[in-house]
Each structure stands twice: as structure tokens, then as C-alpha cells.
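Every value quoted in this text rests on a predicted model; they were computed, and no experiment measured them. Counting starts at 1 for both ligands and their atoms, in listed order. Along the sequence shown, residues are numbered consecutively beginning with 1.
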Amino acid sequence: MAEEEDDIILSELPDEELVPQMHDDLYDGLKEEIEEGVNILLERGWAPYKILTEALVAGMTIVGKDFRDGILFVPEVLLAANAMKAGMAILKPLLAETGAPRMGKMVIGTVKGDIHDIGKNLVGMMMEGAGFEIIDLGINNPVENYLDAAAREEADIVGMSALLTTTMPYMKVVIDTMVEQGIRDNYIVMVGGAPLNEEFGKAIGADGYCRDAAVAVEMAKDFMSRKHNQMAAG
Ligand code: B1M
């Protein structure tokens, strides 16, 4: 079996076999193969966003299902996450290379108690590609990190990510603290992460819930154009 796998030459596979092979390689945490696959697809003229969604994110979805079902465990998922990040690192400069005008500034981080960062990184990459300046706070952020960075950077948007049902309520702590400090209206607050939904976003007082990175970009653009219109009117 292992020998058979060794024989696979990625560059010889047609696209319709290469992409499922990359899903398998991601599943197996094969960082170098993922890097190679991404480069091959780029050479074949695939758009970076298409590679990101169809080869990487789709592969991670399979990993997620098997993690949920107890087929994969943390060490394997970590390897898959590392392989995914390696692929994303190749795409990042290409996604950011659109030459789009500066749209606004977003501070983004994963909330306290939560170390998942792939989705957050993806949102940051896509937002950069759309012309936003991104201040990435990393993982495990207490409320002060968001508020200090938002004030220091004069951010337009505060973005929060949570992947655990146990950490998503912390988003409300951040928003409530903004309200207490009388600064809630200074920022657009956008939230995202697999366990969230629209209702949750509304219930905690966020301006918007983003199902995925593409929605985050569209929503951020929309909020910024409304903000600019308000400024022009007032
Ligand atoms: Co974790 N994990 N994990 N994990 N992990 C989940 C989230 C889980 C659903 C798996 C499962 O059981 N099916 C489950 C949570 C269950 C629950 O809460 N009900 C879980 C668990 C239980 C855990 C641990 C507790 C496991 C343990 O230790 N026993 C532990 C927690 C550690 C902690 O945080 N304190 C843990 C650890 C890990 C790893 C370290 C192994 C690894 C993380 C590596 C890393 O991120 N660097 C990991 C991974 C990889 C996952 C899964 C498999 C994949 C997450 C991912 O990267 N998805 C995940 C299963 C799943 O989500 N199906 C799982 C790909 C990514 C592109 O999607 O993050 O959803 P996502 O981001 C999307 C959108 O949600 C949205 O846009 C992104 C791009 O389209 N979005 C935003 C996200 N953030 C946004 C912010 C925005 C806007 C949009 O702001 C504006």
C-alpha cells in the first residue's frame, strides 16, 4: 500500500485526480505533497481562491468529519492543519496581490480559550486580498487584546473567531465590554466560526455573522461603503 502511494507522481495526475489526491494528502498530513500540489495547480493556471476552496478547504472538511466521528485524533488533525497552513502560505501573497485600494482596517483574533486559527487566517488572507489592512492578534485573546489593538490601530472592524461551543460565548464578553466602555459604536463587529450561526450573531449584538471568508469580505466591503456614505452625508 505504502509502495503504491510512493509511486504517485502528482504532476502526472490530471486535475480531476490531483484534487482528490490532495484531499488524501491533507488527510495524511503530508505537508510537502500539499505544497507540491498547490504549486502544480498554480502552474496549470488555477486561480489561488479556487485552489484554496476546492483543494484545501474541501480537504479539511473531510478531516473535520472524521475528527468529529472519532476516526481521527488531535495529533493527526494537527498534522493536517500544518499541511493546510503550508498550502495557504503559498497562496497568501497571491491572494493579497490584487492591488486593490485600501478598504479599511480590521483587527482579528481567535477568542480566549480557543486555539483554532486556520479559519481566522483564511479570513485575514481573503480580506487582505480585497484591500483591507489586517492586524492579526493570533489565538486565545482576552477582551483587552481586542480593545487595545482596535484603539491603537484605529481599526474600523473588530473580527472574532471561535470554533468551540465553549468559547463562542466569549464573543459576547468582548461586545458587552465595548458597550460598558461606550465604544461599541466605534467599530463594526463581525464574528465567525463553524459552531456559530446568524441567530447567535444577533443575540450577542454583533453587526454581522460570516459563514465563511468570502461572506466576511463582502460584508466588510458593504459595511465600509455604508460607513463612508454616512461620513460623506454627515
Ligand atoms: Co478542533 N475541534 N479541537 N482542533 N477542530 C473542532 C472545532 C470540532 C468541531 C471537531 C469535531 O469534534 N468535529 C470540535 C469542537 C466541538 C464543539 O465545540 N462542539 C473540536 C474540538 C473538540 C477540539 C479540542 C477540544 C479537541 C481536544 O483537545 N480533545 C481541541 C481544542 C483546543 C482549544 O482550542 N482549546 C481541538 C484542537 C484542534 C487542533 C489543535 C488539533 C486543530 C487546530 C489547528 C489550528 O487551527 N491551528 C483542530 C482542528 C483543525 C479542528 C477541525 C477539524 C477543523 C477546523 C478548521 O480549521 N476548519 C474542526 C472541525 C470542523 O470545524 N469541522 C475542529 C477549516 C477552516 C477553514 O474552517 O475554521 O470553520 P473554519 O473557518 C471558516 C468559517 O467558520 C469562517 O470562515 C472560515 C473560512 O471560510 N470563519 C470566520 C472562521 N472564523 C471567522 C472569523 C470571522 C469571519 C469568518 O471574523 C470576521
Side-chain angles (χ1 to χ4, degrees), residues 23 26-27 29 31 49 51-89 91-92 95 104-130 132 134-142 146 150 155-171 174-175 187-198 200-201 204 206-224:
H23 296 168
L26 192 74
Y27 192 95
K31 180 171 171 259
Y49 182 65
I51 302 176
L52 188 64
T53 50
E54 293 183 23
L56 300 183
V57 175
M60 203 59 184
T61 305
I62 304 168
V63 172
K65 285 191 183 125
D66 281 2
F67 188 29
R68 179 196 60 206
D69 297 342
I71 297 165
L72 287 180
F73 296 95
V74 171
E76 290 124 327
V77 178
L78 258 180
L79 283 177
N82 281 342
M84 167 114 184
K85 282 186 177 183
M88 281 164 64
L91 299 174
K92 184 176 175 177
L95 286 165
K105 205 185 243 193
M106 174 163 90
V107 160
I108 188 168
T110 304
V111 297
K112 190 172 166 184
D114 202 320
I115 62 164
H116 295 86
D117 67 355
I118 295 176
K120 165 191 71 65
N121 295 348
L122 225 159
V123 171
M125 277 164 54
M126 297 285 295
M127 296 275 294
E128 270 177 354
F132 285 85
I134 298 299
I135 313 297
D136 189 341
L137 303 177
I139 54 172
N140 195 21
N141 283 286
Y146 291 100
D156 302 292
I157 304 172
V158 172
M160 290 187 270
S161 180
L163 264 287
L164 299 172
T165 44
T166 49
T167 57
M168 57 193 245
Y170 195 77
M171 293 175 160
V174 177
I175 296 176
Y187 308 106
I188 296 155
V189 178
M190 291 175 22
V191 295
L196 279 64
N197 59 30
E198 195 83 43
F200 177 79
I204 62 168
D207 293 300
Y209 154 71
C210 317
R211 191 183 62 242
D212 58 31
V215 169
V217 168
E218 286 318 307
M219 193 180 284
K221 281 187 189 165
D222 193 40
F223 277 125
M224 288 311 294

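- In this structure, atom 24 (C) of ligand 1 has its sub-4.0 angstrom surroundings free of protein heavy atoms.
- The part of Met60 lying near ligand 1 is the side chain, judged by heavy-atom distances below 4.0 Å.
- Atom CG of Leu79 and atom CE of Met84 lie 15.0 Å apart (nearest 0.5 Å).
- Nearest to atom 30 (C) of ligand 1 by heavy-atom distance, out of Met127, Met88, Lys120, His116, is His116.
- Ligand 1 lies nowhere less than 4.0 angstrom from a heavy atom belonging to Lys65.
- Counting protein heavy atoms under 4.0 angstrom from atom 16 (C) of ligand 1 gives zero.
- Residue Gly64 has at least one heavy-atom neighbour below 4.0 Å for each of these atoms of ligand 1: 13 (N), 53 (C), 60 (C), 63 (N).
- Residue-level proximity to ligand 1 for Ala194 is carried by backbone and side chain together, each with a heavy atom below 4.0 angstrom.
- In this structure, Met106 falls outside the shell of residues with a heavy atom less than 4.0 angstrom from ligand 1.
- With a 4.0 Å heavy-atom cut-off, ligand 1 is reached by the side chain of Val123 but not by its N, CA, C or O.
- Under the 4.0 angstrom criterion, atom 11 (C) of ligand 1 counts as having a protein heavy-atom contact.
- Under the 4.5 Å side-chain criterion, counting only non-hydrogen atoms from C-beta, Ile108 is in contact with Val123.
- For atom 59 (C) of ligand 1, the nearest protein heavy atom lies 4.0 Å away or farther.
- Only the side chain of Leu122 comes within 4.0 Å of ligand 1, judged by heavy-atom distances.
- For the side-chain contact (heavy atoms from CB on, under 4.5 Å) with Met106, the lone residue among Ile188, Ile135, Ile157 that qualifies is Ile157.
- Here the heavy atom of the protein found nearest to atom 91 (C) of ligand 1 is Met190 O, 3.5 Å.
- Between Gly193 and ligand 1 there is a heavy-atom distance shorter than 4.0 Å.
- Asn141 contributes no side-chain N or O that, together with a main-chain N or O of Lys112, makes up a donor-acceptor pair within less than 3.5 Å.
- Less than 4.0 angstrom separates atom 39 (C) of ligand 1 from none of the non-hydrogen atoms of the protein.
- When hydrogens are left out, the protein atom nearest atom 22 (C) of ligand 1 is Leu164 CD2, 4.1 Å; that is the closest non-hydrogen contact.
- On a distance-only criterion, Ala213 and ligand 1 share at least one N/O pair closer than 3.5 Å.
- Scanning all protein heavy atoms for the shortest distance to atom 18 (O) of ligand 1 gives Thr165 N, 2.9 Å.
- In this structure, atom 53 (C) of ligand 1 has a protein heavy-atom contact shorter than 4.0 Å.
- Under 4.0 angstrom from ligand 1, the non-hydrogen atoms of Met160 all belong to its backbone.
- Nearest-heavy-atom check against atom 35 (N) of ligand 1 across Ala81, Gly113, Gly208 picks out Gly113.
- Closest to atom 47 (N) of ligand 1, if we only count protein heavy atoms, is Asp117 OD1, 2.7 Å.
- For atom 76 (C) of ligand 1, the closest non-hydrogen atom on the protein side is Arg211 O, 3.7 Å.
- Ligand-side atoms of ligand 1 in range of Lys85: 47 (N), range being under 4.0 angstrom from any heavy atom.
- In this structure a side-chain-to-backbone donor-acceptor pair under 3.5 Å is present from Asp156 to Lys105.
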